[in-house]
Amino acid sequence: MDLASGNQADQRTLLALARRAVERAAHGQPLAADVPASLSAWLRSPLASFVTLTSGGALRGCIGGLYATDPLVEDVQLHAYAAAREDPRFPPVRPEELAALQIEVSVLSAPQPLAYQDPDDLLRRLRPGVDGVIVQSGWKRATFLPQVWEKVPAPEVFLELLCEKAALAPDAWRTGRIEILTYQVEQFEESAPPSFLT
């Protein structure tokens with residue numbers, strides 16, 4: 001895994017900035033990405049992230065990117081704002097929902113193609129609970145973060161649902177005509193909605 005870890009202070013900074021972005025989104029304010037004066041090398045590094053919002057344990061929004069284009073400190077804020085406003089599965093977050101929202105950040109390693117011989121070999125090579133998985137065929141692509149394994153622990157079902165998410169046939173992973181990539185994440189979440197950073 002080529003993913004350098006952030007320390008707890010970096011994680012708290014990202015969670016606080018993500019919450020501020022979600023609050024701006026909920027109040028209909030434009031995103032003005034905050035860049036604290038003192039940043040670690042990790043926060044300045046171009047890294048990809050996903051931001052997941054939950055309420056009462058239920059998904060309320062999740063947006064991210066698979067490939068790094070911006071410094072992590074900016075990437076997280078962009079995706080937090082988008083998770084609150086632009087996830088097509090949900091209406092935009094409303095101000096009255098903010099207190100109950102929980103924010104989770106996943107920082108991704110660079111996706112790597114997974115070589116395999118046949119469907120059985122693919123199932124053996126996947127690491128439930130460790131690997132995020134991407135399926136792609138032409139312009140169709142979808143991913144599940146490693147956290148999805150908690151809800152879908154059977155690799156066959158995991159791959160079928162992922163293919164469906166990519167608008168492919170559920171058994172497309174058995175045909176060998178799709179590309180499989182994997183990545184890992186560093187995941188952290190709020191212990192409680194924070195009082196904001198000063």
Participant: Which distance, rounded to the nearest 0.5 Å, do you find between the CD1 of Ile134 and the CG of Leu162?
Facilitator: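 With rounding to 0.5 Å, CD1 (Ile134) is 9.0 Å from CG (Leu162).
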
Participant: Could I get the full list of side-chain contact (heavy atoms from CB on, under 4.5 Å) partners for Thr175, not counting sequence neighbours?
Facilitator: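 Thr175 satisfies side-chain contact (heavy atoms from CB on, under 4.5 Å) with Arg177 only.
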
Participant: Could you walk me through whether Tyr67 and Leu108 pass side chain to side chain contact (heavy atoms under 4.5 Å, CB included), step by step?
Facilitator: CA-CA 8 Å; Tyr67 297 95; Leu108 280 61; over 6 Å; no

Participant: Taking side chain as C-beta onward, heavy atoms only, is Arg174 less than 4.5 Å from Glu156?
Facilitator: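 Yes, their side chains come closer than 4.5 Å.
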
Participant: So does Arg94 get a backbone contact from the side chain of Glu97, meaning a donor-acceptor N/O pair under 3.5 Å?
Facilitator: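 Yes: the side chain of Glu97 pairs with the backbone of Arg94.
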
Participant: Could you tell me which non-hydrogen atom of Pro95 sits nearest to which non-hydrogen atom of His27, and how far apart they are?
Facilitator: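 In terms of heavy atoms, the two residues are closest at CB-NE2, 3.7 Å.
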
Participant: Find the distance between OG (Ser45) and CG (Asp70) and round it off to the nearest 0.5 Å.
Facilitator: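 Those atoms lie 12.5 Å apart.
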
Participant: Between Glu190 and Ile103, is there a donor-acceptor pair closer than 3.5 Å when you use the side chain of the first and the backbone of the second?
Facilitator: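 Yes: the side chain of Glu190 pairs with the backbone of Ile103.
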
Participant: Is there a continuous path of hydrophobic side-chain contacts, each under 4.5 Å between heavy atoms, that joins Val185 to Leu181?
Facilitator: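 Yes, one cluster joins them.
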
Participant: In Å, rounded to the nearest 0.5 Å, how long is the span from CZ of Arg141 to CD of Glu179?
Facilitator: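 So the CZ of Arg141 and the CD of Glu179 are separated by 10.0 Å.
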
Participant: Which heavy atom in Arg127 sits nearest to a heavy atom in Trp149, and how many Å separate them?
Facilitator: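 It is O-NE1, 4.0 Å.
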
Participant: Report the C-alpha distance between Val76 and Leu17 in whole Å, list the side-chain angles of each, state the deciding distance to 0.1 Å, and finish with yes or no for side chain to side chain contact (heavy atoms under 4.5 Å, CB included).
Facilitator: CA-CA 8 Å; Val76 165; Leu17 292 171; 5.8 Å; no

Participant: Could you check whether the rings of His79 and Phe50 sit parallel, tilted or perpendicular, using 30° and 60° as the cut-offs?
Facilitator: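 Answer is parallel, since the angle falls under 30°.
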
Participant: Counting C-beta onward and ignoring hydrogens, is there a side-chain heavy-atom pair between Glu164 and Glu160 closer than 4.5 Å?
Facilitator: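 Result no, sub-4.5 Å side-chain heavy-atom pair not found.
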
Participant: Transitively linked via ILVMFWY side-chain contacts under 4.5 Å: Leu168 with Val152?
Facilitator: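 The answer is yes; both residues are in one hydrophobic cluster.
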
Participant: So, applying side chain to side chain contact (heavy atoms under 4.5 Å, CB included) with Trp42, which one of Asn7, Val73, Leu47 is it?
Facilitator: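 That would be Leu47; it is the only one of Asn7, Val73, Leu47 passing the side chain to side chain contact (heavy atoms under 4.5 Å, CB included) with Trp42.
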
Participant: Is the closest side-chain heavy-atom distance between Gln11 and Val105 below 4.5 Å?
Facilitator: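 Of all side-chain heavy-atom pairs linking Val105 with Gln11, none is under 4.5 Å.
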
Participant: Using modelled atom types only, decide if a donor and an acceptor are shared between the side chain of Ser137 and the backbone of Lys140 within a distance under 3.5 Å.
Facilitator: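 Such a contact is absent between Ser137 side chain and Lys140 backbone.
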
Participant: Show the nearest heavy-atom pair for residues Asp75 and Ala48, with the distance to one decimal.
Facilitator: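 Distance-wise, the nearest heavy atoms are OD2-C, 3.7 Å.
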
Participant: Any side-chain heavy-atom pair from Thr54 and Glu104 closer than 4.5 angstrom?
Facilitator: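 Counting from C-beta outward, Thr54 and Glu104 never come under 4.5 Å.
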
Participant: How long is the straight-line distance from CD of Gln117 back to CG of Leu122, given to the nearest 0.5 Å?
Facilitator: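 Taking CG in Leu122 and CD in Gln117, the distance rounds to 11.5 Å.
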
Participant: For the pair Leu145 and Thr143, evaluate side chain to side chain contact (heavy atoms under 4.5 Å, CB included) and give the outcome as yes or no after the intermediate values.
Facilitator: CA-CA 7 Å; Leu145 294 170; Thr143 189; 5.7 Å; no

Participant: Any sub-3.5 Å donor-acceptor pair from Asp87's side-chain atoms to Cys62's backbone N or O?
Facilitator: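 Here the side-chain-to-backbone pair exists.
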
Participant: Between Arg44 (side chain only) and Leu39 (backbone N and O only), is there a donor and an acceptor less than 3.5 Å apart?
Facilitator: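 Side chain of Arg44 to backbone of Leu39: a pair is present.
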
Participant: According to a hydrophobic-cluster definition based on side-chain heavy atoms being under 4.5 Å apart (Ile, Leu, Val, Met, Phe, Trp, Tyr only), do Leu114 and Phe158 belong together?
Facilitator: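 Shared cluster, yes.
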
Participant: Going by distance alone, is a donor N or O of one side chain under 3.5 Å from an acceptor N or O of the other, for Gln147 and Ser106?
Facilitator: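 Judged by distance alone, the side chains do pair up.
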
Participant: For a quick test of reading the model, state the closest non-hydrogen atom pair linking Ala32 to Gln77 and the distance between them.
Facilitator: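 Smallest interatomic distance, heavy atoms only, reads O-OE1, 4.4 Å.
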
Participant: Would the number of heavy atoms belonging to other residues, nucleotides or ligands and lying under 6.0 Å from CD of Glu96 be above 12?
Facilitator: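 It does: Glu96 CD has more than 12 such atoms within range.
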
Participant: Between Arg19 (side chain only) and Leu98 (backbone N and O only), is there a donor and an acceptor less than 3.5 Å apart?
Facilitator: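 Checked: pair present.
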
Participant: Nearest 0.5 Å please: distance from the CZ atom of Arg24 over to the CZ atom of Arg85.
Facilitator: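 It comes to 13.0 Å.
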
Participant: Of all heavy-atom pairs between Ala18 and Ala80, which one has the smallest distance, and what is that distance?
Facilitator: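 Taking every non-hydrogen atom into account, O-CB, 3.6 Å.
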
Participant: Give me the atom names and distance for the closest heavy-atom approach of Ala166 to Val135.
Facilitator: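 Between these two residues, the closest heavy atoms are CB-CG2, 3.9 Å.
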
Participant: Linking I/L/V/M/F/W/Y whenever any side-chain heavy atoms sit under 4.5 Å apart, do Val107 and Val148 land together?
Facilitator: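 Unlinked, Val107 and Val148 end up in two clusters.
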
Participant: Nearest 0.5 Å please: distance from the CD atom of Glu23 over to the CG atom of Leu101.
Facilitator: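 Reported to 0.5 Å precision, the distance equals 9.5 Å.
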
Participant: Evaluate the side-chain proximity of Arg124 to Asp121: yes if any heavy-atom separation is below 4.5 Å, no if none is.
Facilitator: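 Yes, their side chains come closer than 4.5 Å.
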
Participant: Can Phe144 be reached from Trp173 by stepping across I, L, V, M, F, W or Y side chains whose heavy atoms are under 4.5 Å apart?
Facilitator: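 They do share one cluster, since a chain of ILVMFWY contacts under 4.5 Å joins Trp173 to Phe144.
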
Participant: Could you give me the CA-CA distance, side-chain angles and deciding distance for Leu59 and Arg89, then say whether side chain to side chain contact (heavy atoms under 4.5 Å, CB included) is met?
Facilitator: CA-CA 10 Å; Leu59 183 65; Arg89 298 168 292 182; 3.8 Å; yes

Participant: Quick one: does any side-chain atom of Thr182 pair with a main-chain N or O of Val133 as donor and acceptor, under 3.5 Å?
Facilitator: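 It does not hold such a pair.
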
